[in-house]
Amino acid sequence: MSDAHAPLVEASATRTVPDAPLNPVIEAVDLNIYYGSFHAVYDVNLAYGKNEITAMIGPSGCGKSTVLRCLNRMNDLVASARVEGTVTYHGINIYDPKVDPIEVRRHIGMVFQKPNPFPKSIYDNVAYGPKVTGMKLESSLDEHVEWCLRKAALWDEVKDKLKESAFSLSGGQQQRLCIARAIATKPDVILMDEPCSALDPIATAAVEDLMVELRNDYTIIIVTHNMQQAARVSDRTAFFTARPDETTGNRTGLLVEFDKTTTIFSNPSDQRTEDYISGRFG
Amino acid sequence: MRTAAHNRNAVNAAREITLAQLDGSQRQGRWKGPAFEAVLLTAIFVAILTLLAVILWALTAGWERLDLNLLRNMPSGMASRLGESGMQSAIIGTFYVMVGLIVTVVPLGVSAAIYLEEFADHDTWYVRIIEINLRNLAAVPSIVFGILGLAFFYRGGLSLGSVVYTGSLTLTMLVLPTVIVTAREAIRAVPPSIRHASMGMGATKWRTIWHQVLPSSIPGIVTGTILALSRAIGEAAPLIMIGAATFVGWNPDGPFEGSFTVLPVQIFFWSAQANTDFHILAAAGVIVLLGMLLMMNSFAIWLRNRFTREW
Ligand SMILES: Nc1ncnc2c1ncn2[C@@H]1O[C@H](COP(=O)(O)OP(=O)(O)OP(=O)(O)O)[C@@H](O)[C@H]1O
Ligand SMILES: [Mg+2]
């Protein structure tokens, strides 16, 4: 592990990334997140650049998924969750009472850790979003479904069995189907919570290639436990950790360091980051 | 007691079916424990044996009168005409009452289940009262619902009189808890990941329920409904309370007019007659009742399979 990350950094170093996100699509400002009285995430400030892949890494329980879910208001589905601070999307605070969370999620899509296709056909999985959100499509629905499946690099594998159950696909194919389903509503940001953790290395490679490919059109934010993956695909990396509260002992998550992926992996400025990526953590 | 067990079976069946539909691959081998299998087989054996005994008894006892007259003719109280006496009014009455029951209890029960599972805040006092009531309602003897029907549907609030729909409403009260509890279980068995996927792409809660949650839980809901209807079709006591007559010489005119009777009430009165010739009719009636039950359940199973295969 300790010397494994050195060559990997070069992979993403081939792309030049500005020092700070030039035109952030999403910005979290003084974001504090609570579950009931438990302070889960403390004071996060992060900017996610347009057409960049931002990775969020850190030990288990440090609040990566919590932060991710707050970016498209999926945390609203957790009754006890409470958010303080702001999250802006193109300058609009998505926690403004006037903002409809449903509308937010149409612009900021999500792919989950475990592939979760609907118990429907492959075709219906992709067609579902445009149908239920009442999208106006420029092309026919059939063409749109094909477009999404091509984008997700799945078309050739499924074009002859679009009417078959989505469960007939392999895990990796299901995850790419979920990505196709997520882009079907034409979001401009895609959130991915450990999208490859249930996949084998080959399927993982396919999904990673896809992310890099999709970066041209979308802004991608990914949570991962796989540091090689973060190094391989992301432009920027945010490292989180958890700190026990002096009085309660609860572990509150916080952002330690946010920088270009090359910097984080070769020359981190915080000792905790260095310990974590070199496998000396905890 | 009986109804509590009945509900528990219904709940388990609903959960199993929803889970099985959503993921056939997760079955574990633990069912294969030979001892457990033996117990299950014995239970099934006893149940089937009992059923066979009832059918056999009814067939032999009612054989003489299992003819077309039974279906074609109206019941007659006169001993001299027993050979031609039928039970058409009871068959039609049962059919009407069941249809009225289905169109009432399914929308009510499923809506209540959706509310309780998807919307209700379980910390509020009124939701807690509803929960407690639901659990206890399932154990209330059916005659109590008969009295309720008499007070509120026959007389009182609705004042419908002794008509088919009064019977449907009374039986609705009786089996509503079963339908609600099984529908809730079926809804709950739909994995949260499916709801999250749907909500995550900007579908509203209603559309998520309508397009994802309900279709996945229909098989479970239908199973619960079958069990509820199977219970309702055999009930005599509450319908006697609301005035289901016997020896009705005509079919009900519609859901809201004309007196009516149903098979169990007719069978009950026949078997209570001193003249043993009536008992032959009662046995034949049992066969007809079982036949109707079988037809109803076959239809429901067909419906369930249709939805299970849809995607
Ligand atoms: N729905 C919830 N209700 C209450 N507490 C929660 C909930 N979800 C997460 N938490 C708590 O918030 C903290 C952060 O959890 P989160 O899932 O965001 O961590 P994570 O960084 O994604 O961890 P992992 O890498 O294991 O996925 C944890 O202490 C967790 O127990
Ligand atoms: Mg997580």
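Nothing here was measured: the structure is a model prediction, and the numbers come from that model. In what follows, chains carry the letters A, B, and so on, assigned in the order in which the sequence lines appear, proteins first and then strands, with residues in each chain numbered from 1.
Contact between I194(B) and P119(A) at its shortest, heavy atoms only, is CD1-CD, 3.5 Å. Residues G202(B) and T133(A) come closest through the heavy atom pair O-CG2, 3.6 Å. Taking both residues in full, the closest heavy atoms of N116(A) and A197(B) are given as ND2-CB, 3.4 Å, listed atom of the first, atom of the second, then distance.
Ring orientation note: the planes of H211(B) and Y128(A) are nearly perpendicular, at an angle over 60° on the 30°/60° scale.
The 12-atom threshold is not exceeded at CZ of F152(B), counting heavy atoms of other residues, nucleotides or ligands nearer than 6.0 Å. Taking a 6.0 Å sphere around CD of E213(A), one finds it holds 12 or fewer heavy atoms contributed by other residues, nucleotides or ligands. Atom CG of L41(B) sits in a crowded spot, with more than 12 heavy atoms from other residues, nucleotides or ligands closer than 6.0 Å. Within a 6.0 Å sphere centred on CZ of F299(B), other residues, nucleotides and ligands contribute 12 heavy atoms or fewer. Within 6.0 Å of CZ on F95(B) lie no more than 12 heavy atoms contributed by other residues, nucleotides or ligands. Counting heavy atoms of neighbouring residues, nucleotides and ligands inside a 6.0 Å radius, atom CZ of F45(B) does not exceed 12 of them. Heavy atoms from other residues, nucleotides or ligands lying under 6.0 Å from OH of Y123(A) number more than 12.
Contacts of N72(A) with chain B are made by side-chain atoms alone, with heavy-atom separations under 4.5 Å and no backbone atom involved. For a residue to count as touching a neighbouring chain, one of its non-hydrogen atoms must lie under 4.5 Å from one of that chain's; by this rule I108(A) touches chain B with the backbone only. Looking at R181(A), both its backbone and its side chain come within 4.5 Å of chain B, counting heavy atoms on both sides. In this structure, the portions of I102(A) lying under 4.5 Å from any heavy atom of chain B include both its backbone and its side chain.
Taking CE of M201(B) as the reference point, atom CE of M110(A) lies at 13.0 Å (rounded to 0.5 Å). For the atom pair CE (M199(B)) and CZ (R105(A)), the distance works out to 5.0 Å, reported to the nearest 0.5 Å.
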